[in-house]
Amino acid sequence: MLEISSLDSGYGDTQVLFSLDLNAREGEVTALLGRNGAGKSTTLKTVMGLLPVRAGTITFDGAPLAGLSPHAIAHRGIAYVPETRDIFKSLSVRENLELAARISPPERTTWTLESVMQLFPRLGERLDNGGNQLSGGEQQMLAIARGLLMNPRLLILDEPTEGLAPIIVKQIGDALLSLKSSGLSILLVEQKLRFAARLADHVTVLGRGAAVWNGSGDELLQDEDTKSRWLGV
Amino acid sequence: MFHQTALKSVTLVILLLGLGAYVQTGGYYGRELVIEACILAMLALSVDVVAGYGGMISMCHGALLGAAAYAFAAMTALLGWPPSLSFVIAIVASTLLATAIGAVSSRTQGIFFIMATLAFGQMVYVMIFDAPMLGGDDGMAGVKRLNLDLVGINFKKSAPFAFACIALLALSYGLAALMLRSGFGRTLSGVKANEDRLRALGVRVWWVKARAFGFSGLLAGIAGVMAAQHTQFVSPELLLWTLSGEALVVVILGGLGTLVGPLVGAIALVFVKHEISSVTHYWHLFIGIALILTVLAGGRGLYGQFEYVVTRARRRRAKDHA
């Protein structure tokens, strides 16, 4: 589905990714793990066209993404939920959701306001609240719901559990498991090893801007050398 | 995001009724002030739509007003076209011009956006200034007013013209409020909050900005055709970048991103200017001091500060009751 090959990318004079290879398969959850600064968020931003491709290729269903604008990439069916969540604070929860729903192509109708509220009932209770009145967990739910309302074929999540209380992390995890069982393809960037291993069909570990390990979540949990060397666990 | 609160509605009604009452009681001089205030308020409203709700600080809105005024003047005075048809065409022209300027300028941000709009404004100024048929520095006289004899209104008299300006100001406000409350308005406020996020959501940000700029040009165009009809004369002064600056000052003075604020700012500026200028030539000094005080007081502007105080008092009262 999403294939990244020999990708170089970075910010200004600083190169962050060095010949990165990554493959996210259709209907699977692919997790991207690594320490701070390994290049996880840089990878996602480059996929979304928010950072330029310096070398290498990114293809989605065989079509190249490099050089496309972020909005064109989103229209190909990729929804991106950033680490910062980026809720529009001047808009209510309903308005935030409606904004994303306006962009969804008419032929894709899997996700509606009603179905995202079934996934996150908390949002249904807070529909008329402003984006600035939400807790961190509610903001994350809204960010994911907003991504789903674009009816994507690939959902990209950047550290969806960062800074959240354990009970909210569990709720987000349950929602993602539900999405996985619905067959939605997900590319997940995470710091929490066990959270990612529970969800992922395939894990890629990033170190110094390149893929240093590939395998399943269970295999990673048992690989003490990789965990201590590349994840600091 | 724009919300037409009760406070905004009450303030708007009081302002419009106040202007109407002044038309009735203020004599010829009072009516001239009302017309001037309404035209400036429409221009400031158009600036607030893009600056207050889209984060686009424009320095070409004076040129948009002037372009519409010149288009209307050329069609009525040079070509002899009916004023009603010229009215519509001039506003369409300023809308299209603004959309084109917005489409190009939206590729830039911050100071570069301001400079791009300033450059476009100056280009419009130079093109019109250098066109011999448009009168150059001398301007162009003989601009006709709309003929409303069929509905029993003598538009050549100052009172009906002043009431028409108030009605068009109300219409402009209504159009702006409807636009800002629509899905497009929500997208525009998203552009102001985080352009990259909107791009990642699949929105063509430049096109949203261009359309918002075009809508703003429509409002500036209404102000322009009324300005041309008011004096029945147009001159390059209508296109100067200083008019764009004055509109921006009015928006900040009244309250950026409030929609009612520009009306408050325009009325305050016009009336204070005329009152103080009868006493001293240094009226700019007083406006400057008022602007500095407004910024130092939190940058909310006259209406914004009023709204802030009322909202805080309401919250305190609700807290005391709870």
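The structure presented is a predicted model; accordingly, all values stated were derived computationally and were not measured. All chains are named by letter (A, B, ...) in the order of the sequence lines, taking the proteins before the strands, and each is independently numbered beginning at 1.
Of the listed residues (B:R199, B:K192, B:R197), the greatest number of heavy-atom pairs within a distance under 4.5 Å of chain A belongs to B:R197. When the candidates A:G130, A:G147, A:S92, A:P70 are compared by the number of heavy-atom contacts under 4.5 Å with chain B, A:P70 comes out ahead. With chain B as the partner, the residue from A:A79, A:A74, A:S69 showing the most heavy-atom pairs under 4.5 Å is A:A74.
Using modelled atom types and a 3.5 Å distance limit, the side chains of B:T5 and B:H3 yield no donor-acceptor pair. Side-chain N/O atoms of A:T161 and A:E190 include a donor and acceptor closer than 3.5 Å.
Geometrically, B:R300 engages B:Y308 in a cation-pi contact defined by less than 6.0 Å to the ring centre and at most 45° from the axis.
If you measure heavy-atom distances from A:L50 to chain B, the contacts under 4.5 Å come from the side chain alone. Both the backbone and the side chain of A:E95 come within contact range of chain B, judged by heavy atoms closer than 4.5 Å.
Ion pairing of A:K40 with A:D158 is absent here, as no side-chain N (NZ or NE/NH1/NH2) approaches a carboxylate O to less than 4.0 Å.
Side-chain N or O atoms of A:E98 include none that pairs as donor or acceptor with a backbone N or O of A:A100 at under 3.5 Å.
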